[in-house]
Amino acid sequence: MTTVLIADDQPLQRMGFRMLIEGTPGLTPVGEAQHGAEAVRLTAELRPDVVLMDIRMPGMDGLEATRRIVATGGRTRVLIVTTFDLDEYAYEGLRAGASGFLLKDARPEELVAGIQAVATGDAVVAPRLTRRLLDAYAHQVLAPAGGAPAPEDPRLQTLSDREREVLVAIGQGWTNTEIAERFVLTESTVKKHVGRVLAKIGARDRIQAVIMAYDAGLVRAKQ
């Protein structure tokens with residue numbers, strides 16, 4: 001059973017999420033939060049598998065709540081539910097450690113699939129959409145001050161040449177199938193490489209690996 005905490009300041013939105021979760025086998029709602037501080041507190045108390053996190057809430061917003069939840073190092077994963085697919089809040093949420101985001105107008109089955117994916121350690125945002133987000137905002141958020149090159153991340157030194165190539169491909173938004181075709185590998189081999197890359201760089205999921213690739217300068221945002 002996958003447990004879900006709902007964090008949204010709109011009562012009707014929380015009710016809709018709760019009804020959907022209650023009606024889905026394998027999912028159960030364990031609590032509701034009206035603002036970020038309450039979401040952080042309830043996450044510590046209830047230890048849900050997934051938090052459905054709104055961004056714009058009174059007091060502590062969903063971004064800060066996500067940072068605090070992820071910083072505890074617990075198993076809870078955050079799925080941001082936002083209104084716009086290409087806004088800076090969604091990007092910053094991913095940067096804060098969320099495992100993905102969905103739109104509030106997503107179909108019920110998409111939300112259910114997103115919750116299930118996040119609970120099993122996958123990222124919800126499709127690679128191409130992730131790339132578009134980063135292309136839109138990476139040059140604003142990740143550009144080094146004064147244009148000075150950032151020092152190489154020491155985590156990169158733990159990667160083999162092939163693993164480094166795979167990380168670059170992930171950063172470019174390639175799917176496992178595309179990576180397999182590019183490097184003439186089987187998809188099962190690619191999955192193993194991706195898993196080792198995530199473990200070595202300490203990324204919770206594919207989205208965090210994309211962001212790390214941008215941070216490290218392996219991938220550049222389009223101008």
Side-chain angles (χ1 to χ4, degrees), residues 49-51 53 63 66-67 69-80 85-86 88 90-102 113-144 149-183 185-222:
D49 297 308
V50 178
V51 177
M53 184 74 76
L63 298 177
T66 296
R67 291 187 189 96
I69 290 171
V70 172
T72 66
R75 65 182 179 85
T76 298
R77 293 179 178 271
V78 178
L79 172 56
I80 286 178
D85 61 347
L86 288 178
E88 65 274 18
Y91 172 78
E92 288 293 347
L94 301 179
R95 202 51 205 279
S99 294
F101 79 94
L102 292 174
I115 293 171
Q116 294 169 334
V118 167
T120 58
D122 290 334
V124 172
V125 184
R128 293 306 183 192
L129 184 54
T130 302
R131 177 64 188 270
R132 291 204 304 271
L133 269 174
L134 290 170
D135 280 345
Y137 297 103
H139 71 281
Q140 299 176 25
V141 180
L142 301 179
E152 180 169 281
D153 192 309
R155 291 174 295 178
L156 294 178
Q157 299 175 7
T158 68
L159 301 178
S160 67
D161 290 342
R162 175 64 78 192
E163 289 166 351
R164 191 181 180 109
E165 291 174 338
V166 169
L167 176 57
V168 171
I170 292 173
Q172 292 173 331
W174 293 8
T175 64
N176 284 353
T177 299
E178 291 170 329
I179 295 174
E181 292 175 353
R182 173 65 177 82
F183 297 122
L185 301 169
T186 64
E187 284 199 47
S188 61
T189 298
V190 171
K191 289 180 181 179
K192 292 178 182 178
H193 281 311
V194 171
R196 284 197 290 267
V197 168
L198 296 183
K200 287 185 177 182
I201 67 175
R204 289 163 59 90
D205 51 44
R206 199 181 189 100
I207 289 175
Q208 300 305 309
V210 173
I211 292 173
M212 190 272 189
Y214 271 82
D215 279 335
L218 298 180
V219 181
R220 297 295 182 186
K222 294 178 180 178

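Computed from a predicted model, the values in this text were never measured in an experiment. By convention here, the first residue in the shown sequence is residue 1. Below, each value reflects all heavy atoms present in this structure, side chains not excepted, and no hydrogens, waters or symmetry copies.
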Engineer: Compare all side-chain heavy atoms of Gln116 with those of Thr120 and state whether any distance is below 4.5 angstrom.
Structural biologist: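 Gln116 does not reach Thr120 side chain to side chain.
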
Engineer: Side chain to side chain contact (heavy atoms under 4.5 Å, CB included), that's the test. Do Asp49 and Thr76 meet it? Break it down for me.
Structural biologist: CA-CA 5 Å; Asp49 297 308; Thr76 298; over 6 Å; no

Engineer: If every non-hydrogen atom of Arg77 is compared with every non-hydrogen atom of Val118, which pair is closest and at what distance?
Structural biologist: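 So the two residues come closest at CD-O, 2.9 Å.
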
Engineer: So, do Val194 and Asn176 sit near enough that their side-chain heavy atoms are less than 4.5 Å apart?
Structural biologist: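 Yes - at least one pair of side-chain heavy atoms lies under 4.5 Å apart.
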
Engineer: With heavy-atom distances below 4.5 Å as the criterion, would you say the side chains of Leu185 and His193 are in contact?
Structural biologist: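 Counting from C-beta outward, Leu185 and His193 do come under 4.5 Å.
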
Engineer: Which pair of non-hydrogen atoms, one from Gly171 and one from Val210, has the smallest distance, and what is that distance?
Structural biologist: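 The pair with the smallest heavy-atom distance is O-CG1, 4.0 Å.
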
Engineer: Identify, with sequence neighbours excluded, every residue that meets salt bridge (Lys or Arg N to Asp or Glu O under 4.0 Å) alongside Arg162.
Structural biologist: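 Result, salt bridge (Lys or Arg N to Asp or Glu O under 4.0 Å) vs Arg162: Glu165.
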
Engineer: Can you list everything that forms a side-chain contact (heavy atoms from CB on, under 4.5 Å) with Leu156? Sequence neighbours excluded, please.
Structural biologist: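 Leu156: side-chain contact (heavy atoms from CB on, under 4.5 Å) contacts with Glu152, Asp153, Leu159, Arg164, Leu167, Met212, Ala216, Leu218.
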
Engineer: Of all the heavy-atom pairs spanning Gln208 and Ala203, show the shortest one and how long it is.
Structural biologist: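 Shortest heavy-atom contact: CB-CB, 3.9 Å.
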
Engineer: For residues 188-203, which residue pairs pass the salt bridge (charged side-chain N to carboxylate O under 4.0 Å, His left out) check, not counting sequence neighbours?
Structural biologist: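 Output for this query lists Glu163-Arg196, Glu163-Lys200.
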
Engineer: What are the two closest heavy atoms between Thr66 and Gly97, and how far apart are they?
Structural biologist: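 So the two residues come closest at CG2-C, 4.3 Å.
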
Engineer: Start with the C-alpha distance between Leu79 and Ile115, add both sets of side-chain angles, then the distance that settles side chain to side chain contact (heavy atoms under 4.5 Å, CB included), and finish with yes or no.
Structural biologist: CA-CA 7 Å; Leu79 172 56; Ile115 293 171; 4.0 Å; yes

